[in-house]
Protein chains: 2
Amino acid sequence: MDKFDLKLDQAARAAWLSYVGGRTQDEIASQLGVSRPGVQRLLALARQEGLVKVHIDHPLSNCMVMSDAITKAFGLEFCDVVPADAQAADSASHYLAVAGAERLSRYIDRNDPLTMSLGTGRSVRATVEALSRVERPQHRFVSLVGNMARDGSSNRFDGVMVLADKTGGDRFLLPAPVVAGSVDEKHALLSQRLIQAVADVAKQAEAGFIGIGRVDRHATLFQDHFISEAELEELLELEAVGELLGWPMNQAGELIDCSTSRRVTSLPLDMLKGQTLIGLAGGRDKGPAILASLRGGWLKGLVTDEHAARYIVETGIDGP
Amino acid sequence: MDKFDLKLDQAARAAWLSYVGGRTQDEIASQLGVSRPGVQRLLALARQEGLVKVHIDHPLSNCMVMSDAITKAFGLEFCDVVPADAQAADSASHYLAVAGAERLSRYIDRNDPLTMSLGTGRSVRATVEALSRVERPQHRFVSLVGNMARDGSSNRFDGVMVLADKTGGDRFLLPAPVVAGSVDEKHALLSQRLIQAVADVAKQAEAGFIGIGRVDRHATLFQDHFISEAELEELLELEAVGELLGWPMNQAGELIDCSTSRRVTSLPLDMLKGQTLIGLAGGRDKGPAILASLRGGWLKGLVTDEHAARYIVETGIDGP
DNA sequence: GGTCTGTCCGATCATTTGATCGATCGATGA
DNA sequence: TCATCGATCGATCAAATGATCGGACAGACC
């Protein structure tokens, strides 16, 4: 045992010289009188035994911890967690938008022609608005969700519109309401050549940025009158907690089949499993919805904030 | 400034991914959307700004033994001994600074308003520079030593300045030279309202971090022209071996009364006996000075290095 | 409006680090 | 005393890192 302690002592010394002193392993080797690989082993030992404690002294380090945990737990390609701003609740959505825009611009900046799909929602809208103007007429942007209200008016501020305006790219809108009036209407809509053409383009998209909706009294779907109060009640009855592109899902992320979901005109989520779907949502209230989306494995990337991330980590990843 | 903060944010992210997450710079680059050299620069920035804190969590048995011996022998509250580095004497002061900063941050991190006093010297300066930035505007930092040179210029990089900048706390500087030109000038200075006000704040400090100066040909006091060659000779004649805040003392730690010491404007050491004075100094050459300070009982804590510690243990504590 | 300067960015190369594998030394048992 | 097993050590190579350089962009000044 004494031998091991001696080694640990030397390991600690090597760690000091390396991490605090910034010496190279060669220098440490000559100082401690061992070979360079020997120093290597000492350092490995020091790390393994937990002698080396690294602390990043910045508020973001919290976010990084959670981001890492979420990425690993749900097999994402990335997860951006923006810091919560205690004194300015309204700016939280702005942070989200900036972070989202940064991800988005990674795709847009490319010169090769690109097809990108977009969902709807405040987050998506804010994200594209936060994007800076670049000339990319070769790109194509396509809606994954109908952008018409029930009264036939079309949302002028659809994400696709703004994005196409900013880049000069082509736009493909889905001229349909999010939720059709009846199953028959839905089938009628979906059989239209125009809509099928848009759907075809959407299938070719290599990535999609979509919002994540909660399903409760404050649901966007309900507040924006895409679904009626009775329909909301039915969804709640069936334990829906969130929705992606209008498709409701339960806590486990399983799609819910019901009278409402049968009338949703958006592209089926199954069809999009091949492409990189990126969720944008923040706020503790959205936590359950985001967690459901992650559990269902629908997303490849997530941009969220500290509040939601904390909910997800605490609720979704505590068990082993 | 906003731009700089954003950069720092990203630097923190990069540092986290690199040091905590163990990713390679390539992975970080693709994750943050910058080039690899970009990551490199971010990491350099993070280190430079002190975002990265490394702590080696192992008591080196050698250091530990001496630390214990010194703590007991001189009735200290603590004694930190950092490992020595054979080559590269310059980095030794960095080790000291890291250890000192760790002690210092124990005080600073507190939320209740705090008054701390600081001496001058390279060690103190390095220590505050190694401290990470924290927002603590409620704290007050006060000089124990005049921070003006004889030509009237004031050291912009006084420890108090840097510390106040880093925390946003209040600063109280002593607008006086360390050693006045004459006894009359000293009294004139000390009777100034302004200086008395600063002294009053200093008396309220609950802890002070001060350097320990040697008195010989390489004395800081002499090299920085705070005292003349003739004055140095006089001090050596009187067997001065060290000084605290400019107050010279002999081997036994007794203050020396002489033409020089009568002109020192710093706060009297007696007045500070109530507060926790913590000495920062390392290197075998500083051994005698440190030992004298300990023997005089002026210090409650010590941060030193292996060299000085060995000198102290061998010279000062050999008899039982 | 043009040019100039300073700053920032990314390609390239030298250095450092991490990992593998064969060799050597020591311990143990016949 | 010798053989064998095991552990540790150091040579070598691939990967990762740090540093330098040339070029491009933005802002300022003329």
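To find a chain, count down the sequence lines: A is the first, B the second, and so on, and within it residues start at 1. This is a predicted model, so every value here is computed, not measured.
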Counting primed atoms plus P, OP1 and OP2 as sugar-phosphate and everything else as base, spell out the protein contacts along nucleotides 9-19 of chain D at 4.0 Å heavy-atom distance: B, S or - for each nucleotide, 5' to 3'.
BBB-----BB-
Salt bridge present between B:E49 and B:K7 (N-O < 4.0 angstrom)
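So B:E49 does not pair with B:K7 through a salt bridge.
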Under-4.0 Å salt bridge between B:K166 and B:E135:
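The answer is no: the pair does not qualify as a salt bridge.
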Looking only at side chains, do B:R47 and B:Y19 share a donor and an acceptor under 3.5 Å apart?
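Indeed, the side chains of B:R47 and B:Y19 share at least one donor-acceptor pair under 3.5 Å.
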Please report, rounded to the nearest Å, how far the P atom of C:dT7 is from the CG atom of B:L45.
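Whole-Å distance recorded here is 16 Å.
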A:L42 has an atom CG; how far is it from atom P of D:dT8, in whole Å?
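Rounded to whole Å, this separation is 12 Å.
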Backbone of B:A29 reached by a side-chain donor or acceptor of B:D26 within 3.5 Å:
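No, because the side chain of B:D26 does not come within donor-acceptor range (under 3.5 Å) of the backbone of B:A29.
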In terms of heavy-atom contacts, does CZ of B:R122 have more than 12 from other residues, nucleotides or ligands at under 6.0 Å?
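No, CZ of B:R122 has 12 or fewer neighbouring heavy atoms, counting only those of other groups under 6.0 Å.
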